[in-house]
Protein chains: 2
Amino acid sequence: MGITKTIGFTKETNDMAEVLKALGHPARLAIMQLLMKSNSCICGDLVEELPLAQSTVSKHLSELKKAGLIKGTITGKNLCYCIDEVGFEKIKYFFQNVTKHLDKNKTTLFQMFFENIK
Amino acid sequence: MGITKTIGFTKETNDMAEVLKALGHPARLAIMQLLMKSNSCICGDLVEELPLAQSTVSKHLSELKKAGLIKGTITGKNLCYCIDEVGFEKIKYFFQNVTKHLDKNKTTLFQMFFENIK
DNA sequence: TTCCCATATCGCAATATTACGATAATAGTT
DNA sequence: AACTATTATCGTAATATTGCGATATGGGAA
């Protein structure tokens, strides 16, 4: 088949899966990391930083945009990309559940993890 | 092509992407949520909870195992699955970076997100 | 307008993913 | 040993994903 079943799962689960799937690719993750490193938006030099053709980078950017993880705005002559909060909103619920699970099970490794988060 | 390029990215990025990719499917996400909800390991009734054939569930379980997100142990006569910390260890770095980014940019939505985490 | 630059889209080929039924393998039970 | 229940694997068909080159598109600059 190749088609992902979505019926029988909650909307939250499906939405969340979509965001995580968007993050689940080295190039897209690298893009997110580059956007995080730079204070302001990155304007186009992403192609130079990544080991991929321009058309491929462009496609990955549009997928991140579709998932609500980044925003692209035109400022004068440059197109600028920066992180969008919408996508992260979606996975909030999942990580809340992770936390609950940890609280119940007191897994130290996990707690270390969240300590680092803050 | 269909093949994901990994050369040119750091090992951390590639590892992380693999874990996030494993989570980026409704069925696998639902499995993780079911495992989190139950205090102990879930023993086999996963197939009944999911709208998928037994063979499909089994494959998803093996992919989660491969990603280090779950562990399967044989206890007496039943095979029990529970959450493994290894996978989450891998995405720790990514979320640390998210935090740094937030600290710098003071995005309130994001901060709400991490408040909920604790 | 014409040229140039940056980005997006198209078309394609190769490969991966998803799902299912059928079958195997494994372990406990009778 | 034979039977049963549970989980894994195989074979498969359909579809999705990835990546690239080529081409289009849109906005400044000349």
Side-chain angles (χ1 to χ4, degrees), chain A residues 1-9 13-14 17-32 34-35 41-67 69-82, chain B residues 1-9 13-14 17-32 34-35 41-67 69-82:
Chain A
M1 314 229 156
I3 195 162
T4 297
K5 252 198 180 178
T6 54
I7 49 169
F9 299 104
T13 299
N14 283 317
E18 225 173 278
V19 177
L20 290 166
K21 184 182 180 182
L23 286 173
H25 187 285
R28 293 194 287 268
L29 208 48
I31 289 170
M32 294 301 288
L34 288 169
L35 291 181
C41 298
I42 281 189
C43 307
D45 35 281
L46 278 169
V47 177
E48 285 173 21
E49 304 265 8
L50 299 169
L52 294 164
Q54 179 267 325
S55 61
T56 308
V57 173
S58 180
K59 202 176 184 189
H60 283 306
L61 285 168
S62 83
E63 268 164 79
L64 287 170
K65 211 191 293 184
K66 204 181 70 184
L69 285 164
I70 64 173
K71 281 188 288 200
T73 42
I74 303 159
T75 68
K77 60 180 174 185
N78 294 78
L79 178 51
C80 290
Y81 281 108
C82 57
Chain B
M1 313 228 158
I3 194 162
T4 297
K5 251 196 182 180
T6 54
I7 49 169
F9 299 105
T13 298
N14 284 317
E18 225 171 277
V19 177
L20 290 167
K21 185 181 180 183
L23 286 173
H25 187 287
R28 293 193 288 268
L29 207 48
I31 290 170
M32 293 301 288
L34 288 168
L35 291 181
C41 299
I42 279 191
C43 308
D45 36 279
L46 277 170
V47 177
E48 286 173 20
E49 306 264 7
L50 299 170
L52 294 165
Q54 179 268 324
S55 61
T56 308
V57 174
S58 181
K59 202 177 183 189
H60 283 305
L61 285 168
S62 84
E63 266 163 81
L64 286 170
K65 210 190 295 183
K66 205 181 70 183
L69 285 163
I70 64 174
K71 280 187 288 197
T73 41
I74 303 158
T75 67
K77 61 179 170 184
N78 294 76
L79 180 49
C80 291
Y81 281 109
C82 58

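What's counted below: heavy atoms across the whole structure, side chains too, no hydrogens, waters or symmetry copies. Here is how names work: the chains are called A, B, and so on, in the same order as the sequence lines, proteins then strands, and each is numbered from 1.
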Pairs satisfying salt bridge (charged side-chain N to carboxylate O under 4.0 Å, His left out), at least one member in residues 51-66 of chain B, at least two apart: Arg28(B)-Glu63(B)
To the nearest Å, how far apart are [X] [atom1] and [N] [atom2]?
X: Glu63(A); N: dT7(C); atom1: CD; atom2: C1'; value: 16 Å
X: Glu48(B); N: dA5(D); atom1: CD; atom2: C1'; value: 13 Å
X: Leu23(A); N: dT17(D); atom1: CG; atom2: C1'; value: 16 Å
X: Lys66(A); N: dA16(D); atom1: NZ; atom2: P; value: 11 Å
X: Lys21(A); N: dA16(D); atom1: NZ; atom2: C1'; value: 7 Å
X: Leu61(A); N: dT17(D); atom1: CG; atom2: P; value: 17 Å
X: Leu64(A); N: dT17(D); atom1: CG; atom2: P; value: 14 Å

Those residues that, when tested against Ala17(B), pass side-chain contact (heavy atoms from CB on, under 4.5 Å) (two or more places apart):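 side-chain contact (heavy atoms from CB on, under 4.5 Å) check on Ala17(B) returns Pro26(A), Leu29(A).
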Which atom of Leu35(B) lies closest to which atom of Tyr81(B), heavy atoms considered: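 Closest approach of Leu35(B) to Tyr81(B): CD2-O, 3.4 Å.
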Pairs under 3.5 angstrom only: tabulate donor-acceptor contacts from the side chains of residues 46-57 of chain B to other protein residues two or more places apart or in another chain.
none

Thr13(A): side chain to side chain donor-acceptor pair (under 3.5 Å) partners, not counting sequence neighbours: Thr10(A), Gln33(B)
By side chain to side chain donor-acceptor pair (under 3.5 Å) - contacts of Glu18(B) (at least two apart):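 Applying side chain to side chain donor-acceptor pair (under 3.5 Å) to Glu18(B) gives none.
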Polar atoms only, N or O, under 3.5 Å: list the protein pairs with nucleotides 19-23 of chain C and their distances.
residue: dA19(C); atom: OP1; partner: Lys5(A); partner atom: N; Å: 2.8
residue: dA19(C); atom: OP2; partner: His25(B); partner atom: NE2; Å: 3.4
residue: dA19(C); atom: OP2; partner: His60(B); partner atom: NE2; Å: 2.6
residue: dC20(C); atom: OP1; partner: Lys5(A); partner atom: NZ; Å: 3.0
residue: dC20(C); atom: OP2; partner: Ala53(B); partner atom: N; Å: 3.1
residue: dC20(C); atom: OP2; partner: Thr56(B); partner atom: OG1; Å: 3.2
residue: dG21(C); atom: N7; partner: Ser55(B); partner atom: OG; Å: 3.3
residue: dG21(C); atom: O6; partner: Ser55(B); partner atom: OG; Å: 3.1

Tyr81(A) vs dA8(C): side-chain N/O to OP1/OP2 distance below 4.0 Å: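 Checking Tyr81(A) against dA8(C): at least one side-chain N or O falls below 4.0 Å of OP1 or OP2.
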